[in-house]
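Let me begin by presenting the structure, written as structure tokens, before commenting on it.
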Number of protein chains: 2
Amino acid sequence: MDRRHTEKNEEASAQERPTLKTLAFMTGLGVTTVSRALKDAPEIGAETRRRVQLVAKQIGYRPNRAGVRLRTGKTNVISLVLNTDREIMSFVSDIIYGVSEVIADTPYHLIVTPYSRSQDPLDPIRYLVETGSADGVIISRTQPNDARARYMLEHGIPFATHGRTDMGLVHPYHDFDNHAFAVEAVRRLASMGRRKLALLTPPVGLTYYGHTVNGFADALSEVGASEIPFSTVSIDHSIEQIRTRTAQLMRRDIRPDGFVSSAAAATLALVAGIEDAGLKLGRDVDIVSKQSSDLLHLFRPELLIVNENFRLAGSELARSVLGWIGGAAPGSLQSLSVPGEVLAYQRSLD
Amino acid sequence: MDRRHTEKNEEASAQERPTLKTLAFMTGLGVTTVSRALKDAPEIGAETRRRVQLVAKQIGYRPNRAGVRLRTGKTNVISLVLNTDREIMSFVSDIIYGVSEVIADTPYHLIVTPYSRSQDPLDPIRYLVETGSADGVIISRTQPNDARARYMLEHGIPFATHGRTDMGLVHPYHDFDNHAFAVEAVRRLASMGRRKLALLTPPVGLTYYGHTVNGFADALSEVGASEIPFSTVSIDHSIEQIRTRTAQLMRRDIRPDGFVSSAAAATLALVAGIEDAGLKLGRDVDIVSKQSSDLLHLFRPELLIVNENFRLAGSELARSVLGWIGGAAPGSLQSLSVPGEVLAYQRSLD
DNA sequence: TTGGCAATCTGTAACGTTTCAGTATATTGA
DNA sequence: TCAATATACTGAAACGTTACAGATTGCCAA
């Protein structure tokens, strides 16, 4: 009896996630007392309560959700029930619907784990891994040297990234070929006689920033066009900032006669800035823009458009994670989506 | 020993969700055998396997997630990690972020439960209730007589609806005052001299369809304007359909000189249709439109805009559900968001 | 007959938590 | 001094599942 007790807790204190039993052993109390002390039950002595809570905080105790749920029936889950049809122009909803589609006839649930700009992006990942809250993880905004991917690889939790990394580590991903997008975009603009091109880039630091910039540069030299630098903003900036900077740029002596834009919302601001400067789309300047839902041509029919399908991305990412969980080789779960042709919606000018 | 066994299972077979023990009792087998039979383990006789699976299907056995998770560590959860900043123009993502914000410092997780147009909307709700997968539920696309709300009320699971019901039952909700929106919109158009107004309605059948239509009608008689019927489409129709129908409408002899539109994406189509008919926004016709993110004024500065904040809606809904779970009275968890003033972004015409 | 083996099936323990029904000790009132 | 009571703590059981280590039966070879 005594031996068993000790074994158990030596093991526990070594590696595993701490449980009430661990805390009980450390404090020398019973698990019941610990449980009650943590929830401020009245029949626990003030000092004991403080002591238990201190130790719990120190070793980072977090109650096991399955234990609580099994015992009490409390799930600590809020469900948001969504209709998957008819939703428009949104990275987030498209990805969610794509994932949902794939896991619909599996026993899996989709939880959304948010984090904000001010937080370390690693925080939510750490939480998921430490609490064992998920069998698999999908992340976006992937960087060439991505701490999150590295962390998950080290901890052996299956995941998929939206966008590639560049660390010499192999893991599932889905990516849009932004190099090809930029190349096609530049070629198209060049074919229309545009020679001074500017790029409204993806967020600096993300992997596809590099892909896009390189594709842009490669194609520039291919077609013999020149770049007008426009690095004061990226698609991550606010609509107002992009608009203002664009207007400034277009009022200069040497200004671009063509743009490549990496996001639809940013393109709206781009056009507004161009028009603020008194110039006209289709006459003074042309734009090739990515979009994820079919709305830009309504905005200005002169826009040249390349579609990126985020719903597909969501599906692919879900498939990859499930595949990895199911034992497939991570290296076999990578996919790249190639851009379709540049679409022109321009109608006759009256 | 025997007595206890019988007690237990009489209780179980009466009301509760079936477990392995229930199945074991019904088939006369041990729980281990049942467990293995259900997962096609090789050491179970073929007939027994079929028998168990038949009974399981008949009584709708579904494994308890907490039990599986506790025993095996398998969560059956996929986490989608999202950055909550910078996302634009989307009902879904705004709601999600709003909810996330509120539950961020609670122990709650947010799961997304999708359903498609082809399914009975009650299906996902039934699943959630029957499997006890959530402590609280948020639904949208609320109807005056909403089967989902009624069902959840009957089954005692806390929920909140985005939009009100009209069944004489009390439950938490958050709603935007669409009656007030329609009234303000009509008043504004009337003040600009517009007299023949059309309404691009919300989806027929949803509660706020009625609110909007009534507000529109009330204000029409107040200002003495007349309605040009436009009931062939709603904002639920496709961009193309709205555009085509609008163009048809605008080519008629008696056509509206003002529109009220219930959604931003639909407004894009509306404008396109108007321009297809050779008419000009601001000259031949004015539009007051709702939007949920600040983009429409870039599209056409002549548009008149009322903002609806879905992120706020998400927060309020989450707060309501948590409040109900926490024991607050459902009637005290209702909120109505009043529309701000109609915004005009029109700049000087050159 | 015996031993061995395959084919089926079963009881027990364990995952981590909370609740129930206590036990031990100190404190109080008479 | 004794019983009653309050205070502080504890072990065992249970939630539903699966893994482990048997148990039972029938059959076959020796």
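Please read all numbers here as calculations on a predicted model, not as lab measurements. By convention in this document, chain letters (A, B, ...) are assigned in the order of the sequence lines, proteins followed by strands, and residues within each chain are numbered from 1.
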[X] side chain: which of [options] is closest?
{"X": "A:Leu29", "options": "D:dC9, D:dT17, C:dC15", "value": "D:dC9"}
{"X": "A:Glu43", "options": "C:dC9, C:dC15, D:dC9", "value": "D:dC9"}
{"X": "B:Leu70", "options": "C:dC15, C:dT17, C:dC9", "value": "C:dC15"}

Exactly one of B:Arg65, B:Arg62, B:Arg126 should register a side-chain contact (heavy atoms from CB on, under 4.5 Å) with B:Thr131. Which one does?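 Going through B:Arg65, B:Arg62, B:Arg126 one by one, the side-chain contact (heavy atoms from CB on, under 4.5 Å) with B:Thr131 is satisfied by B:Arg62 alone.
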
Is it the case that B:Arg69 and B:Asn64 place a side-chain donor and acceptor less than 3.5 Å from each other?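 No, no side-chain donor-acceptor pair sits under 3.5 Å.
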
Between the side chains of A:Gln334 and A:Asp175, does any donor sit under 3.5 Å from an acceptor?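 No, no side-chain donor-acceptor contact under 3.5 Å.
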
What's the [atom1]-[atom2] distance between [X] and [N], to the nearest Å?
{"X": "A:Asn64", "N": "D:dG16", "atom1": "CG", "atom2": "C1'", "result": "14 Å"}
{"X": "B:Arg49", "N": "C:dT8", "atom1": "CZ", "atom2": "P", "result": "9 Å"}
{"X": "A:Leu20", "N": "C:dA14", "atom1": "CG", "atom2": "P", "result": "17 Å"}
{"X": "B:Ile44", "N": "C:dA7", "atom1": "CD1", "atom2": "P", "result": "13 Å"}
{"X": "B:Lys21", "N": "D:dA13", "atom1": "NZ", "atom2": "P", "result": "14 Å"}
{"X": "A:Leu23", "N": "D:dT10", "atom1": "CG", "atom2": "P", "result": "13 Å"}

Looking at C:dC15, I'd like to know if its phosphate oxygens (OP1 or OP2) sit under 4.0 Å from a side-chain N or O belonging to B:Thr72. no

Would you please confirm or rule out a distance under 4.0 Å between OP1 or OP2 of D:dA12 and any side-chain N or O of A:Thr32? no

For A:His162 together with A:Tyr173, are the ring centres under 6.0 Å from each other? no

I want to confirm an ordering. Mapping A:Gly45 and A:Val31 to their closest nucleotides on DNA chain D, which one lands closer to the 5' end? A:Gly45

Name the nucleic acid region contacted by A:Gly67, choosing base, sugar-phosphate or nothing; use a 4.0 angstrom heavy-atom cut-off, strictly under.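 A:Gly67: base contact, heavy atoms under 4.0 Å.
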
Quick one: does B:Thr19 reach the base of D:dT17 with a side-chain donor-acceptor pair under 3.5 Å?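 Donor-acceptor pair under 3.5 Å: no.
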
Under the 3.5 Å rule, do the base of D:dT10 and the side chain of A:Arg36 count as making a donor-acceptor pair? yes

Using the side chain to side chain contact (heavy atoms under 4.5 Å, CB included) rule, take A:His109 and B:Ser133 through it: C-alpha gap first, then chi angles, then the decisive distance, then the call. CA-CA 10 Å; A:His109 281 179; B:Ser133 290; 3.7 Å; yes

